[in-house]
Structure formats: C-alpha cells, structure tokens
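In what follows, every heavy atom counts, from backbone to side chain, and hydrogens, waters and symmetry copies are set aside. By convention in this document, chain letters (A, B, ...) are assigned in the order of the sequence lines, proteins followed by strands, and residues within each chain are numbered from 1. Small disclaimer: the values here were computed from a predicted structure and weren't measured.
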There are 2 protein chains.
Amino acid sequence: MVTIKHIAEMAGVSRTTVSRVLNNSGYVSEDARKRVEMVIKETGYVPSEQAKSLRTKKTKVIGVILPTIQTETPSRIVTGVGKELAENGYQIILANTNLDKDKELEYLDVLRLRQVDGIILIATNTEPKLMEKIKGMNIPIVIVGQEADDLMYVTYDDYHAARDLTTFFIEKGHTNIAFIGVDEADHSVGYLRKKGYLDAMKSSELAVESNWVETGIFDIESGYEAMKNILTKTTSIPTATIAVTDRLAIGAISYLKEKGIRIPEQMALAGFGASELAKYLDPPLTTVDYQNEKAGEEAAKQLLAKINAKKYQKQIILDYRLIIRKSV
Amino acid sequence: MVTIKHIAEMAGVSRTTVSRVLNNSGYVSEDARKRVEMVIKETGYVPSEQAKSLRTKKTKVIGVILPTIQTETPSRIVTGVGKELAENGYQIILANTNLDKDKELEYLDVLRLRQVDGIILIATNTEPKLMEKIKGMNIPIVIVGQEADDLMYVTYDDYHAARDLTTFFIEKGHTNIAFIGVDEADHSVGYLRKKGYLDAMKSSELAVESNWVETGIFDIESGYEAMKNILTKTTSIPTATIAVTDRLAIGAISYLKEKGIRIPEQMALAGFGASELAKYLDPPLTTVDYQNEKAGEEAAKQLLAKINAKKYQKQIILDYRLIIRKSV
DNA sequence: CCATGACGTGGAATCGATTCCCTAAAACAA
DNA sequence: TTGTTTTAGGGAATCGATTCCACGTCATGG
C-alpha cells in the first residue's frame with residue numbers, strides 16, 4: 001500500500017510538503033507541487049482516512065439511526081440524506097433498530113465510538129430517556145420526524161395536516177368521521193395527527209364517538225382490524241375514515257372490499273404518507289404528501305452546517321400537501 | 001477524551017498491559033487485570049476504533065452498494081445484511097447509487113479508501129467493466145442478485161422461477177402468454193427471467209408472438225405502458241401476462257382496470273418479488289417469493305467467513321416459492 | 001547594509017491504539 | 001545448586017497521516 005511516505009520519497013520532498021500539496025495549505029513551490037502531483041497521479045495514491053481522522057478527529061461519516069428500512073418514509077429520508085452527504089464527501093453509517101426502541105439508545109453509543117461526525121435520528125418517539133441521552137452527547141444530532149423542544153430537528157406539520165384533512169371531510173358533508181391512529185408515544189404520528197383530527201371535529205362541533213377512534217400498529221393487518229372494529233362496534237356507522245398511514249388505510253380498504261362496502265360511496269378514506277402505491281389502489285387513495293426526501297436533505301444540510309461551524313437552522317417544520325384522489 | 005494512556009497511568013501499569021487486558025492476550029496477573037478493569041469501568045473508557053484500525057488494518061465496517069433504497073428487494077436484503085453484521089459487531093456503510101451505474105464503480109473506490117473490510121454489492125448488471133474492477137480489488141466482495149462466474153455471489157434461481165411460473169400458466173390452459181421484462185443488461189431480472197419464460201413456451205410448443213414481449217424499466221408507469229402496448233399492438237390477444245416485478249404488474253393492473261378488463265377472467269397476471277402490497281391488490285397478485293432477507297444474511301455470513309479466513313461458500317443460489325393468488 | 005517579512009521546506013511530535021522484543025522474577029526440573 | 005520454562009510487564013517502534021516550530025533564502029524598504 002502506498003503511503004504519504006512513499007510519495008515523499010519518490011518526489012524527493014518531505015511528508016510535510018506532500019501533506020501541504022494534499023490540503024493545499026502552507027507554502028509550496030510550483031516546482032515541488034508539480035513533482036508531488038505527478039507522483040500522486042502515477043501511483044494512484046489516496047490518503048488513508050483512518051490516519052487522517054486519527055489526527056484530525058473528523059471521520060466524514062454520519063450515522064443514521066432508523067426504525068426500519070422497509071417502509072417508504074424512512075427510505076425516502078435516507079435517500080435525501082444520502083444525496084446531500086454524498087455531495088459533500090460524507091458517508092453514511094446505517095444503524096437499523098428494526099423497531100426495537102432500546103437499540104436507539106444503544107446505537108447512539110455505537111456511533112459515538114465510531115467517532116461519527118454527526119448523527120441523524122429518524123425518530124419514532126420522544127421518550128425522556130432518549131432525549132436526555134441526546135442532550136448528553138457532545139456530537140451534533142438532528143432528529144427527523146419528531147419535535148423535540150430544544151434539540152435540532154426537522155419534522156412535518158402533522159397537526160395541521162391532520163386538521164386540514166379532517167376539515168376537508170367535514171366540508172364534503174361528512175359528520176361521522178372515524179380515525180385509525182397509532183400509539184401516542186409516537187408524538188408526531190400518534191399524538192399530533194390525532195389531535196388535529198379531534199380539534200377539527202371539535203371546532204365544527206361534531207361529536208366523536210369513542211369507538212370511532214381505533215389504534216393500530218404500523219402494519220397493514222392492523223388497519224384491517226381497526227376498520228373491522230369500527231364497523232362492528234360503533235352504533236352510528238361513520239361515512240369517512242382517516243388513517244394515519246397509507247398502510248393502515250390499505251388494511252382498511254382490504255376489509256371494506258371483503259365486506260363489499262363501496263369506497264367512497266359508503267366509506268370515504270384517506271391516509272398519510274403519499275406512498276407510491278396509494279396512487280394505484282382501487283380506488284386511488286387520498287393521502288397527505290410530506291416531503292420526506294427533502295426532510296432528509298434538510299436534516300443533512302443543517303447537520304453539516306453545524307459540524308462545520310456555519311450558520312444553521314435549529315428547527316425546521318416542513319410543509320405538506322393534500323393529494324385528493326377518488327377514495328373520497 | 002480518555003485514552004489508553006490515561007487508563008495505564010491510573011491503573012499504574014503500562015499501555016501494553018492495558019492493551020493486553022482489552023484484547024486478553026499475553027500474560028497479565030490477576031491483580032493487574034483487576035486494577036485495569038476497575039479503572040476502565042470507572043472512566044467508561046472505550047478504545048478508539050480509528051487508532052485500532054490504523055494499526056490492525058481492520059475497520060469492522062462493511063460497505064453496501066445498492067441501486068436504490070426505495071424498493072422492497074434491496075431494502076429487504078439490507079435488512080438481512082444488517083442483522084447478520086450487527087450480531088458480529090460490524091457496521092454498514094451505505095452507498096446508494098440512485099440507479100446510476102457509474103457510481104457502482106465509483107463507490108467501490110470510495111469504500112476501498114474507507115478501508116472497509118468487505119463489500120456487498122446489490123447488483124443490477126454484470127457488465128465486464130464492473131466485473132473486472134471487482135476482480136482487481138483485493139477486498140472481499142459478495143454480489144447479491146446476479147451470477148458472476150468466478151466471483152462470490154448469492155442469487156436466486158431466476159431462470160427456474162420464471163420457467164415454473166410460465167409452466168403454471170400453460171397448465172392452466174393458457175396458450176397466449178405475454179411477458180413484461182426489463183433490459184437484459186440486468187442478467188437476472190432481464191435475461192434469465194425472460195429465458196425461463198421463452199424456454200417454457202418452447203418446450204410446450206407454444207409460439208410467442210413478438211409483440212407479446214414488452215420491455216419496461218423498473219417503475220409502475222412502464223408496466224402500464226407495456227400492458228397498453230400488448231393489448232393494442234398484438235393480433236392475437238394474450239390471456240395471461242407475466243411481469244418480471246410486482247411493480248410492473250401493478251402498472252399493468254392499472255391499465256387493465258382503466259379499460260375494464262377483468263382479472264383474471266380476461267387477463268391472468270403474475271409478478272415477481274412478493275411485495276407486501278401484492279397481497280392487498282384487487283385481485284391479490286400471484287407472485288414469486290424470493291428470500292431477499294435471507295439472501296442478505298447469507299451474503300453477510302459468507303463475507304464474514306471469508307474475511308476471517310474461515311470456510312465459506314463462494315456461490316449460493318437460493319430457492320424461490322410461487323405464491324398463487326386470485327390474479328390467475 | 002541590515003532588519004523584516006514573505007516564501008519554502010523539513011524535522012519531529014502527535015493522534016491512540018497494537019505488538020515485537022527484552023528483562024526479570026517465580027516456578028519447576030535435573 | 002544450577003539451568004529451563006513459564007509468567008509478568010514495560011520500552012519503543014509502528015500504523016499514516018497532520019501540524020507546530022525552526023531554519024534557511026530572497027526580496028524589499030528604510
């Protein structure tokens with residue numbers, strides 16, 4: 001393996017000078033620079049990242065912690081992060097928790113000891129233990145998808161998205177609107193989207209029957225179950241349902257079809273997330289488009305700014321867009 | 001930051017001894033070991049990975065090159081890889097080409113200079129330039145999803161899967177079977193699956209009209225276009241269609257629905273990949289289940305075996321399973 | 001003509017580990 | 001008692017970079 005020492009010898013200069021050429025810092029004569037560059041080209045020499053980062057304490061690696069790589073939201077975020085980082089010569093170390101909350105904490109440590117320059121956490125919760133840990137780390141960390149008082153984050157306006165969507169249904173004349181949510185520990189998806197729904201109902205003075213509100217987990221199956229509960233347990237049957245993810249909506253559709261209930265005539269339906277498939281469902285699903293990839297890019301951008309001691313925005317809330325399709 | 005030097009001083013031993021405790025190598029008295037361990041616990045010291053890898057030339061990092069993270073197949077593979085690696089204390093550096101072939105080559109270099117211990121390439125082609133480059137690198141590399149003569153790989157039995165699926169249609173009585181493929185540069189998905197289809201047709205002495213065979217790219221839209229072409233350009237209309245991915249099949253379905261063509265009565269349909277959504281389409285889509293996650297695990301397992309100079313299997317071809325659903 | 005500063009360069013320390021080699025005491029064998 | 005092994009531990013080199021500091025050489029201005 002060719003090292004800086006070899007280059008120095010071959011070019012007849014000291015390692016110092018080679019280093020100067022590499023980082024173009026300090027004084028180097030045109031002559032010496034030429035020779036060094038020649039030799040570098042000939043040998044195809046590339047400086048060792050390990051050695052460099054041992055000295056400089058910078059690895060040009062960013063850790064990304066995510067709950068799963070198998071659903072669209074995190075995948076898109078990572079894609080965005082990756083694009084932004086690649087442009088700046090940074091690499092991603094991936095830490096997949098596979099939905100295991102404890103691993104979020106664990107991976108923070110693993111990444112620290114890998115001396116990553118920063119961490120992007122695609123968060124599923126804002127538990128105090130996690131927040132405390134983040135505050136205690138002296139590595140720049142950006143949270144994506146959740147608000148977190150005085151930490152850096154990039155998230156979406158979940159509350160207003162849910163509120164707008166609900167209002168949209170109300171304006172269409174629906175009064176009985178059901179809701180399929182998830183655990184409120186997920187502040188964005190669980191709590192805020194539900195609050196948006198409830199507040200919209202309240203401000204239109206519409207009552208919400210307790211059985212209209214179901215809680216699932218993040219998979220299709222639980223959307224199916226939730227819709228089943230809604231239709232079998234409620235006294236006044238809703239005419240519209242909001243599901244907090246497209247996958248839950250897909251589960252709901254699957255139940256509705258099984259029972260021969262027509263969408264949207266008998267049950268209007270909407271999801272969140274603008275999954276690619278939503279467009280191709282029958283009927284195409286109304287959904288909320290968050291700019292996930294943009295969120296990833298933005299998170300990476302602010303993180304790099306912070307790392308390089310430039311001006312950065314600490315907290316960003318991205319916009320959303322309702323995509324109205326035939327399911328309503 | 002606490003280093004081995006501090007630990008040595010605090011425990012009243014040399015760095016050598018601390019290192020011995022850390023790696024439990026060489027002779028260390030019970031007494032010294034206790035003291036060192038105490039200090040390590042007190043200080044929460046963790047050895048620097050950079051320093052270690054500078055010396056040992058091992059980083060415990062594996063590079064994963066993939067075409068996109070936004071479709072199910074690579075996501076599942078990465079999940080499998082991640083699980084296996086995590087169990088062995090390895091980390092993943094992610095290199096996302098975003099479907100840009102040139103970046104595959106580029107990232108091989110980037111990863112090498114990051115001194116990754118090995119590379120897993122989720123491949124979309126087997127172009128000579130790429131294969132040559134891989135042979136020329138002196139880092140262990142496993143290819144996933146493509147065969148590559150004398151390199152390490154884990155792939156699927158694409159040929160027989162396609163052949164079986166086609167035969168299944170034939171046995172159901174179909175004689176006019178269309179095919180939506182992709183560019184044959186993708187040897188597995190493009191070439192082998194098509195060959196399986198053609199050979200099955202031939203061995204049943206069924207003719208294949210040239211217009212029955214369409215080529216798309218990997219997105220839903222091109223499935224739509226392909227189905228449109230098949231139905232508008234052919235003289236004898238097919239009664240069944242095989243699409244080489246579920247997404248292509250979804251596009252095809254979308255066209256069929258638009259035209260009011262009933263599935264499977266007027267057109268039977270099948271895809272490949274066992275995407276989660278396939279199950280919830282209307283009608284549920286017949287598809288081929290490859291064990292993507294297993295493939296990832298297997299690739300990681302063999303790679304680690306090779307890295308650690310243990311016995312490994314150079315080439316693995318995984319099994320598949322037809323999932324017959326109502327679309328046929 | 002000499003002080004000053006810009007320019008060029010190299011020596012050597014440093015980052016934080018591992019590891020080779022050496023010394024020395026203790027344990028054991030002859 | 002002497003000679004070998006085993007056990008224990010330290011010194012110092014090393015990995016491949018960066019960077020501080022010192023030291024020349026010129027040109028310039030006072």
Ile4(A) atom CD1 is separated from dT18(D) atom P, nearest whole Å, by 5 Å
Exercise. Between dA8(D) and Tyr27(B), is there an OP1 or OP2 to side-chain N/O distance shorter than 4.0 Å?
Worked result: no
**Item:** Polar side chain donor-acceptor pair, Thr59(B) to Asp117(B), under 3.5 angstrom
**Value:** yes
Atom NZ of Lys5(B) and atom C1' of dG11(D) are separated, to the nearest Å, by 14 Å
Between CZ of Arg35(A) and P of dT9(C) the distance, given in whole Å, is 8 Å
Between CZ of Arg55(A) and C1' of dA17(C) the distance, given in whole Å, is 15 Å
Overall bend of the helix from dC1(C)-dG30(D) to dA30(C)-dT1(D) (five pairs an end, 10° steps) is 50°
Report yes if a donor N or O on one partner sits less than 3.5 Å from an acceptor N or O on the other, where the partners are the side chain of Thr16(B) and the base of dG11(D); otherwise report no.
-> yes
>> We want to know whether Tyr156(A) and Asn292(A) form a side-chain donor-acceptor pair, criterion being a heavy-atom distance below 3.5 angstrom.
In response: yes
Between dT18(C) and Ser19(B), is there an OP1 or OP2 to side-chain N/O distance shorter than 4.0 Å?
yes
So does Ser14(B) get a side-chain nitrogen or oxygen closer than 4.0 Å to the phosphate oxygens (OP1/OP2) of dG10(D)?
yes
Sequence neighbours excluded, the answer for salt bridge (charged side-chain N to carboxylate O under 4.0 Å, His left out) partners of Glu106(A) is none
When rounded to whole Å, the CD to C1' distance for the pair Gln50(B) and dT18(D) reads 15 Å
Result for 5'-nearest mapping on DNA chain D, choosing between Ala51(A) and Val13(B), is Val13(B)
Phosphate-side-chain proximity, Lys57(A) and dG16(C), N/O vs OP1/OP2 below 4.0 Å: yes
**OP:** Ignoring backbone atoms, establish whether Ser29(B) has a side-chain N or O less than 4.0 Å from OP1 or OP2 of dT7(D).
**Re:** no
Picking from dG9(D), dG16(C), dT18(C), the nucleotide nearest the side-chain atoms of Thr17(B) would be dG9(D)
When rounded to whole Å, the CZ to C1' distance for the pair Arg33(A) and dT9(C) reads 13 Å
Judged by modelled atom types alone, do Gln70(A) and Ser75(B) share a side-chain donor-acceptor pair under 3.5 Å? no
Can you tell me if Thr126(A) and Gln146(A) form a side-chain donor-acceptor pair at under 3.5 Å?
-> no
note: Leu22(A), atom CG; dG16(D), atom C1'; distance rounded to Å ~ 11 Å
From the list Thr73(A), Thr155(A), Asp158(A), side chain to side chain donor-acceptor pair (under 3.5 Å) partner of Tyr290(A) resolves to Asp158(A)
Q.
Let's test your reading of the model: under 3.5 Å, does the base of dG10(C) pair with the side chain of Arg20(A) as donor and acceptor?
A. yes
Thr3(B) near the nucleic acid: base, sugar-phosphate alone, or nothing, with a heavy-atom cut-off under 4.0 Å? sugar-phosphate
Between CZ of Arg114(A) and C1' of dA17(C) the distance, given in whole Å, is 15 Å
Closest to the side chain of Val28(B), out of dT9(C), dG16(C), dG9(D), is dG9(D)
In Glu104(B), His187(B), Lys101(B), the residue satisfying side chain to side chain donor-acceptor pair (under 3.5 Å) with Asn125(B) is Glu104(B)
Does any donor-acceptor pair link the side chain of Arg15(B) with the base of dG10(D) at a separation under 3.5 Å?
-> no
- Query: Within the distance-only criterion (no hydrogens, no angle test), does the side chain of Arg15(B) pair as donor or acceptor with the backbone N or O of Ala8(B) below 3.5 angstrom?
  - Reply: no
